[in-house]
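Start at 1 and go down the list; that is how both ligands and their atoms are numbered.
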Amino acid sequence: MINFVTAGESHGKGLISVVSGFPSNLSISEKYINDQLRRRQGGYGRGLRMKIETDTAEIISGVRFNKTLGSPISIFIKNNDWENWVTKMSADLPNRSVEKITIPRPGHADLNGTLKYNYNDIRNSIERSSARETASRVAACSVARKFLQEFGIEIGSFVESIGGIYPQKNFANKLFNHEIPKSFSADKLNKLSDKSSVRVLEETQEKKIINKIKLAKKRGDTLGGTFYIVATGVPTGLGSFVDYDSRLDAELSKSIISIQAVKGVEIGLGFESADLFGSDVHDEIKLKGKEFSRRTNRAGGIEGSISTGLPIIIRGAMKPISTLMTPLETIDLKSMRKVEARRERSDFVAVPACAVIAESMVAWTLAKFVLQKFGGDSIEETKENYSNYVNKLFSRTKINFSRK
Ligand code: EPS
């Protein structure tokens with residue numbers, strides 16, 4: 001079974017990812033990972049830190065001549081900002097002069113982290129709860145993304161809205177109506193959304209959003225928004241209804257809501273389907289050549305917690321960034337008096353980055369289910385098991401139902 005763990009604080013020496021359980025002989029390179037890290041750093045409205053960092057993955061183990069060995073893959077991302085934090089974040093020097101932070105920001109982990117871990121400095125909570133950690137997630141999950149590409153499974157995303165500004169025509173509706181050409185694949189979606197500085201698909205919407213972000217900056221405020229993740233090429237049969245934690249939709253939702261500042265996740269039509277008649281929601285089943293298909297895809301590619309073979313469609317909602325340059329009210333934990341929250345260097349909006357991070361988390365979850373179903377110690381073995389299943393799926397169904 002695959003697993004990944006990340007380590008590192010936002011302003012420490014760097015970030016570490018350790019990935020285990022992938023089969024041998026999978027091609028992977030630092031360049032492949034860096035291309036994804038670069039996508040994560042983008043987006044109009046990101047903070048000054050993105051000018052300091054050029055997140056670069058250094059593969060420390062588990063790969064030889066660009067092929068996985070089947071052993072743990074460890075990846076290091078250096079923090080360029082570390083040189084400014086050597087004293088403040090020293091691992092083994094006692095704190096002689098570093099001022100403690102005693103004023104928690106509303107909306108972040110500052111107060112809760114300090115209470116839970118009995119910290120004597122809120123900086124200890126800020127460092128690991130920061131969204132900086134997502135850089136190491138993207139590095140780790142890029143291995144999963146590359147693995148899925150071996151099976152023709154692609155993952156893409158686009159930003160649906162920022163600050164309540166939505167598109168004229170939502171591309172997602174085409175997906176729900178299953179009105180997309182067979183040639184469509186999620187990586188082509190990224191070629192469109194990555195062109196936009198806020199990763200939206202409509203130019204007029206982009207202009208309105210950038211103006212809204214400028215307004216937020218002027219007010220010393222922040223924004224959130226919504227995004228869609230789309231996975232194409234996913235075979236029928238991933239996930240199962242037999243256990244709560246074998247359910248594909250549940251595990252995908254968990255992986256996305258685990259991202260810092262994500263407060264909502266929907267599979268397919270999600271909350272909208274709660275208001276509709278069943279006849280306007282359930283996807284009628286049809287035959288397409290030698291495959292089962294659906295007339296529509298409002299289920300978002302998952303029925304009975306199992307993948308249907310149609311694109312998986314997930315929508316996420318990200319709350320506004322917690323650090324406001326026009327601070328909200330809080331309590332100073334030293335004086336226990338009402339004060340204004342601290343200003344910490346930060347992003348104004350990070351929804352474009354969040355959508356890229358969510359792609360990585362979806363890649364991880366789908367890779368987990370692919371390996372769970374098809375196993376294999378080498379990529380060749382996994383691919384053999386996969387083709388055997390996919391090629392026989394339809395004929396086996398016919399035999400089952402013709403059997404007496
Ligand atoms: C981030 C790097 C850090 C995080 C930021 C995301 O930037 P800085 O060094 O300026 O604090 O703070 O995350 C947040 C804005 C947050 O609220 O957690 C990154 O690399 O994505």
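Side-chain atoms of Gln260 and Glu133 include a donor-acceptor pair closer than 3.5 Å. No hydrogens or angles considered: a donor-acceptor pair under 3.5 Å links the side chains of Arg199 and Ser157. In this model, no donor atom of one side chain and acceptor atom of the other lie less than 3.5 Å apart for Asn66 and Ser27. For the residue pair Thr323 / Arg105, a side-chain donor-acceptor distance below 3.5 Å is found, with atom types taken as modelled. The closest side-chain donor-acceptor pair between Lys383 and Asn385, if any, does not fall under 3.5 angstrom.
Considering both main-chain and side-chain atoms, Asp55 never comes within under 3.5 Å of ligand 1 through any nitrogen or oxygen pair. Considering backbone and side-chain N/O of Arg345, one or more are found under 3.5 Å from N/O of ligand 1. Considering backbone and side-chain atoms alike, Arg132 places an N or O below 3.5 Å from some N or O of ligand 1.
The single protein non-hydrogen atom nearest to atom 15 (C) of ligand 1 is Ser346 OG, 3.2 Å, given as residue, atom name and distance. Ranking the protein heavy atoms by distance from atom 12 (O) of ligand 1 puts Ser130 OG, 3.6 Å first. For atom 18 (O) of ligand 1, the nearest non-hydrogen atom of the protein is Ala131 N, 2.9 Å.
At least one donor-acceptor pair under 3.5 Å links the side chain of Glu53 to the backbone N or O of Asp81. Side chain of Arg247 to backbone of Gly239: no donor-acceptor contact under 3.5 angstrom is found. Of the possible polar contacts, one joining the Glu127 side chain to the Ser10 backbone as a donor-acceptor pair under 3.5 Å is found.
With a 4.0 Å heavy-atom cut-off, ligand 1 is reached by the side chain of Ser10 but not by its N, CA, C or O. Neither the backbone nor the side chain of Gln260 has a heavy atom within less than 4.0 Å of ligand 1. Within the 4.0 Å heavy-atom criterion, neither part of Glu53 lies near ligand 1. Residue His108 touches ligand 1 through its side chain alone, judged by heavy-atom distances below 4.0 Å. Only the side chain of Met50 comes within 4.0 Å of ligand 1, counting heavy atoms alone; its backbone N, CA, C and O stay farther away.
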* Would you check, one step at a time, whether the test ring pair (Phe, Tyr, Trp, His ring centres under 6.0 Å) holds for Phe171 with Phe176? => CA-CA 9 Å; Phe171 175 72; Phe176 291 134; over 10 Å; no

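Residue contacts with ligand 1 leave out Ala135, since none of its heavy atoms falls under 4.0 Å from the ligand. Heavy atoms of His11 approach ligand 1 to within less than 4.0 angstrom. Not close to ligand 1: Thr323, with no non-hydrogen atom less than 4.0 angstrom away. For Arg40, the heavy-atom gap to ligand 1 drops under 4.0 angstrom.
Heavy-atom proximity to atom 5 (C) of ligand 1, evaluated over Thr134, Asp347, Leu37, is greatest for Asp347.
Judged by the 6.0 Å and 45° rule, Lys217 forms a cation-pi pair with Tyr44.
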